[in-house]
Amino acid sequence: MGSEVRVRLAPSPTGYLHVGGARTALFNWLFAKSKDGRFILRIEDTDRSRYQEGAVQEILESLRWLGLDWDEGPEVGGDYGPYFQSERTETYKSHAEQLIETGHAYRCFCTPDRLQKLREEQEKAKLPNVSGYDRHCRNLSTEVGQSLLAVKKPHVIRLKIPFNRTVDFHDLIRGEIAYETDSLDDLVLLKSDGFPTYHLANVVDDHMMRISHILRGDEWISSTPKHVLIYEAFGWEPPTFAHMPVILSPDGGKLSKRKGAASVMDYKKAGYLPQALFNFLALLGWSPGDDREKMSREEITEIFSLDRVTPKAAVFDEKKLEWMNGMYMRETSVDSILRDVVRMWVDQGIVARETTTDDPYLRTVVSLLKDRSRTVNELAESATYFFRDPESYEEKAIKKHFKGNAAVTLKSLCEILQQSDSFDHQVLEEVYRAQAETLEIGVGKLIHPTRLAVTGVSYGPGLFELLEALGKENVLRRMKRAVEWLESHQDR
RNA sequence: GGCGGUAUCGUCUAGCCCGGUCUAGGACGCCGGCCUCUCACGCCGGUAACAGGGGUUCAAAUCCCCUUACCGCUACCA
C-alpha cells in the first residue's frame, strides 16, 4: 500500500480562496478521486505577519461549497496531524538542527539590514549570474558561531546549496526541468522567530504526511529545485511534481477583485451554482479529449487525467461560465435555490423579512423564472413584477405593443377575464385564442399588450402561466391601470 | 539583468508525443436565420487561429534551432 496516492492542498490563510486556488484544489481532488487516493488539506500558517483572521474559515467554506471534501485536515483530523503548520514548529526546528549536524545547513547571523544593502549593491552592479545571499556565514568558524549563539544573537538557518551541479526533476505536465545549483542561493530554512519558511515546512510535512504527488501552481516551479535539494539533504525521496498553469483575468493579468469576482465566495454571491463553477473550472486547463463540455462530477472524476492538463495559462471567461451556469439552472431543482432566492428578495425589500420558503407562490415564481435565468441573482432580480405592480413600461415595448387601439383591446380583455371563473393557464389560453379569432387578429396582438400591461416588460415566462400565477385580482388591476395610462398618453 | 515557464480562432480548447487522414475540429461570444405569444432554450448557417524566421523531410500545426511576446521566480511571503 506504499504506492497510495496522497495529495494535498496547502493554502496559507492570508485571505480568501480565489478561483486559481480553487482550480488547484479541484485538480488535486480530482486526481485523488480518480486514483482512489486521499485528498489532504493542510494550512500553511507559518507567516504570522500575513495571517488574517477568518481566512481559514473562508477557505474551508469555499471548498465545501464546491464539494471538495478532504479526507484529512482541519475539522476532520487524520493520522498525520496536526494539519496546521503553526502547531508543528518543534518538528521543523529539530529538522533544521538535524541538517546543521549533517553538514547540509548552517546558522546565519546576518542582519536584515545587511541583506538589504547587499541586494541594493547587487542591483546596482547588475552583475550577470549574481543573485541572492553572498554566503557570508557559510564559512564562519565554529568558535565565532558558538560565541554568537551564546550571546543569543538572532539568526536563521540556511541550506548549503551544493556548488556546480545540475538539479533536475520531472514535472508530470511539463516534462524534465533542470537548474544549475550555482544559480540558486542559500535559502533560509528557519526564520529568526523560530518559524520555518515555506520551503522547509512544506518539504518536512509532505514527507511526514506521505504525500505522493505535489500538484501546485506554476509559480512554484522555480522553488522546486530548492525543495529537491532539501529532500536530498534529508536523504528522502521527493514526491512527484506537477505544476498547474495559472488563471488570468480577461486582460491577461492576474485575477483580482477589481476586475470582477476573484474569490470563490464572490461567485457564490453573484448567484453561480457550485456544480457550474466546478464544471467550468475543470475545463480550464483540462479537457476530456473529446467534445464533451457539460459533465457531472462523477463523469469528470472518472476520466480525469493529469496528462490531459495543458501547461498554458488560461483566461477566465466569465461569459462562458454564465452560459454553463444557465445550463445548470435549468436542471437544478426549485428547492435547491429557493432559500437563496428568498434571501435576496428579503434583502431587496421585495418580500417581508419573515417570509418562509414554504409559500407555494414563491415556488411557482422560481419555477417560472428558473429556466430562463443564467444565475440565481438574475432570477431574483427579474422577479419584481411578481410582487409589485409595474411602475413604468419598457420604452421600446410601448411603441410596439401599446400602439393603435391597445386601450380598447385591453379593456375588452378585462371584461372577458372578469367573467372567467377559472384562471387556469389552459383556460386562459383558450379564452385568448377565441377572442383573437373573434377579432380576426393574431393571438400575439393580445398577448403582447397584456404582458406589457401586467409586467411592464416585453419578455418573461409564457403569458398564461404568468397570469395564472399572478391571479385574477392582480391581473385585472394591472390591466386597468395600463388602460388608464394609455388614455392619459393618447397623444404619444 | 539572471534563471525558468508558455506560445492554435477575441476567449476555453482538440490536434502535436506516434509528421501525410488538418482546405485545422468543438465550445463560449458575436452576426444572420428557423422555431415561437415574448424572452430563454433548441436547431441551421456565418465569423475567426497554427507568434515570426530559419532548417530537417517527398510532406510540418506536428521534429530541431533562433528570435519575439507574455508570465513566474530572483524575501527571515506563501
Side-chain angles (χ1 to χ4, degrees), chain A residues 10-14 44-47 49-50 108 110-112 115-116 119 122-123 125-133 154-158 171 174-175 177-180 183-185 187-193 195-199 201-202 217-225 243 245-246 248 250 252-254 280 283-294 307-308 310-324 326-327 329-330 369 371-374 382 397 400-401 429 432 436 442-448 450-452 455 457-464:
Chain A
S12 66
T14 53
E44 308 235 341
D45 54 351
T46 53
D47 183 1
S49 66
R50 295 210 305 160
C108 168
C110 292
T111 61
L115 296 175
Q116 174 71 25
R119 260 195 298 278
Q122 286 172 346
E123 184 81 14
K126 272 192 182 164
L127 289 173
N129 229 20
V130 173
S131 72
Y133 182 56
H155 66 281
V156 301
I157 296 178
R158 288 181 185 271
D171 184 292
R174 284 156 220 272
I177 298 177
Y179 279 81
E180 295 304 320
S183 71
L184 272 23
D185 69 347
L187 66 146
V188 173
L189 298 172
L190 202 71
K191 301 181 240 180
S192 56
D193 63 2
F195 276 79
T197 58
Y198 168 82
H199 305 296
N202 145 67
D218 69 7
E219 70 269 26
W220 292 107
I221 292 178
S222 32
S223 297
T224 305
H243 289 93
V246 294
L248 307 169
K254 276 188 180 174
F280 177 76
L283 256 19
L284 227 47
W286 173 83
S287 76
D290 52 38
D291 290 342
R292 274 179 288 177
E293 297 229 287
K294 184 166 172 298
D307 43 53
R308 295 210 59 87
T310 57
K312 195 190 145 195
V315 172
F316 193 96
D317 183 0
E318 188 121 15
K319 277 275 190 290
K320 190 158 184 172
L321 207 214
E322 272 181 26
W323 162 76
M324 184 160 277
M327 297 203 295
M329 285 291 284
R330 258 161 257 137
L369 258 16
D371 291 2
R372 34 179 54 79
S373 305
R374 286 163 95 88
S382 64
K400 221 169 162 183
H401 307 304
E429 179 153 10
Y432 265 67
V443 71
K445 294 260 188 288
L446 301 178
I447 289 172
H448 298 307
T450 305
R451 175 188 301 284
L452 186 58
T455 67
V457 293
S458 61
Y459 52 87
L463 184 76
F464 307 111

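Quick caveat, the model's predicted, so the values are computed rather than measured. A note on names: the letters A, B, ... follow the listed sequences, proteins ahead of strands, and every chain is numbered from 1.
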- Task: Check the distance between B:rG29's P and A:K320's NZ and give it to me in whole angstrom.
- Result: 9 Å

- Message: Let's see if you can work this out: which of B:rG15, B:rC76, B:rC12 has an atom nearest to the side-chain heavy atoms of A:L284?
- Response: B:rC12

- Options B:rA78, B:rC12, B:rG15, nucleotide nearest the side-chain atoms of A:Y198: B:rA78

- Task: Remember a base hit wins even if backbone is also touched, and classify A:S12 as base, sugar-phosphate or nothing at under 4.0 Å, heavy atoms.
- Result: sugar-phosphate

- Query: Base, sugar-phosphate alone, or nothing: which one does A:S373 contact when heavy atoms must sit under 4.0 Å apart?
  - Reply: nothing

- Query: Starting at CG of A:L187 and ending at P of B:rC76, how long is that distance when rounded to a whole Å?
  - Reply: 9 Å

- Among B:rU13, B:rC77, B:rG4, the one nearest any side-chain atom of A:I177 is B:rG4

- Out of B:rA75, B:rC39, B:rG72, whichever nucleotide has its closest atom nearest the side chain of A:K254: B:rG72

- Main-chain N/O of A:S287 paired with A:R292 side-chain donor or acceptor, under 3.5 Å: no

- Task: Count the heavy atoms of every other residue, nucleotide or ligand shown that sit under 6.0 Å from NZ of A:K445, and state whether that count exceeds 12.
- Result: no

- Query: What is the nucleic acid contact for A:G462, judged by heavy atoms within less than 4.0 Å: base, sugar-phosphate only, or nothing?
  - Reply: base

- Item | Side chain A:S183 and base B:rC3 donor-acceptor under 3.5 Å | no

- Mark yes or no for a side-chain to base donor-acceptor pair under 3.5 Å between A:K312 and B:rA7, with no hydrogen or angle criteria applied. no

- Item | Rounded interatomic separation in angstrom, taking CG from A:D47 and P from B:rC76 | 12 Å

- Regarding the side chain of A:K191, the nearest nucleotide among B:rC12, B:rA78, B:rG4 is B:rA78

- Separation between the C1' atoms of B:rA27 and B:rG53, rounded to whole Å: 33 Å

- Query: Which part of the nucleic acid does A:P311 contact within heavy-atom distance under 4.0 Å: base, sugar-phosphate only, or nothing?
  - Reply: sugar-phosphate

- Can you tell me, in whole Å, how much space there is between the C1' of B:rA61 and that of B:rG15? 8 Å

- Query: Taking the side chain of A:S192 as its heavy atoms from C-beta onward, which of B:rG29, B:rG5, B:rC76 lies nearest to it?
  - Reply: B:rC76

- Task: May I ask you to say what A:T46 touches in the nucleic acid, namely base, sugar-phosphate or nothing, with a heavy-atom cut-off under 4.0 Å?
- Result: sugar-phosphate

- Tell me what A:A178 touches on the nucleic acid: a base, only sugar-phosphate, or nothing, going by heavy atoms under 4.0 Å. sugar-phosphate

- Looking only at N and O atoms, is any donor in the side chain of A:R158 or the base of B:rC76 less than 3.5 Å from an acceptor on the other one? no

- Touch class at under 4.0 angstrom, heavy-atom based, for A:R174 against every strand present: sugar-phosphate

- Message: What I want to check is whether the side chains of A:S223 and A:Y198 have a donor and an acceptor closer together than 3.5 Å.
- Response: no

- Query: Looking at the side chain of A:R451, which of B:rC37, B:rU13, B:rC76 is the nearest nucleotide?
  - Reply: B:rC37

- Starting at atom NZ of A:K445, determine the distance to atom P of B:rU36, rounded to an integer number of angstrom. 16 Å

- Check if the side chain of A:R372 and the base of B:rC39 share a donor-acceptor pair of N or O atoms closer than 3.5 Å. yes

- Of the non-hydrogen atoms in A:M324 and A:E293, which two are nearest, and what is the gap between them? CE-O, 3.8 Å

- Message: Do A:R174 and A:I221 have side chains that approach each other closer than 4.5 Å (heavy atoms only, starting at C-beta)?
- Response: yes

- Message: So, OP1 or OP2 of B:rA14: does either fall under 4.0 Å of a side-chain N or O from A:S287?
- Response: yes

- Query: Base, sugar-phosphate alone, or nothing: which one does A:P11 contact when heavy atoms must sit under 4.0 Å apart?
  - Reply: nothing

- Can you check the A:E293 CD to B:rG25 P distance for me, whole Å? 16 Å

- Message: From the set B:rC41, B:rG26, B:rA78, return the single nucleotide nearest to any side-chain atom of A:T197.
- Response: B:rA78

- Of all the nucleotides listed (B:rC76, B:rC37, B:rA14), which has the minimum atom distance to the side chain of A:F464? B:rC37

- Whole-Å distance, A:D290 CG to B:rG15 P, equals 10 Å

- Message: As a test of reading the structure: which of B:rG72, B:rA78, B:rU38 is closest to the side chain of A:R50, going by heavy atoms?
- Response: B:rA78

- Side-chain donor/acceptor of A:K191 to backbone N/O of A:T46, under 3.5 Å: yes

- Query: In whole Å, what is the span from the CG atom of A:L283 to the P atom of B:rC28?
  - Reply: 12 Å

- Message: Side chains of A:L115 and A:Y133, heavy atoms from C-beta outward: is any pair under 4.5 Å?
- Response: yes

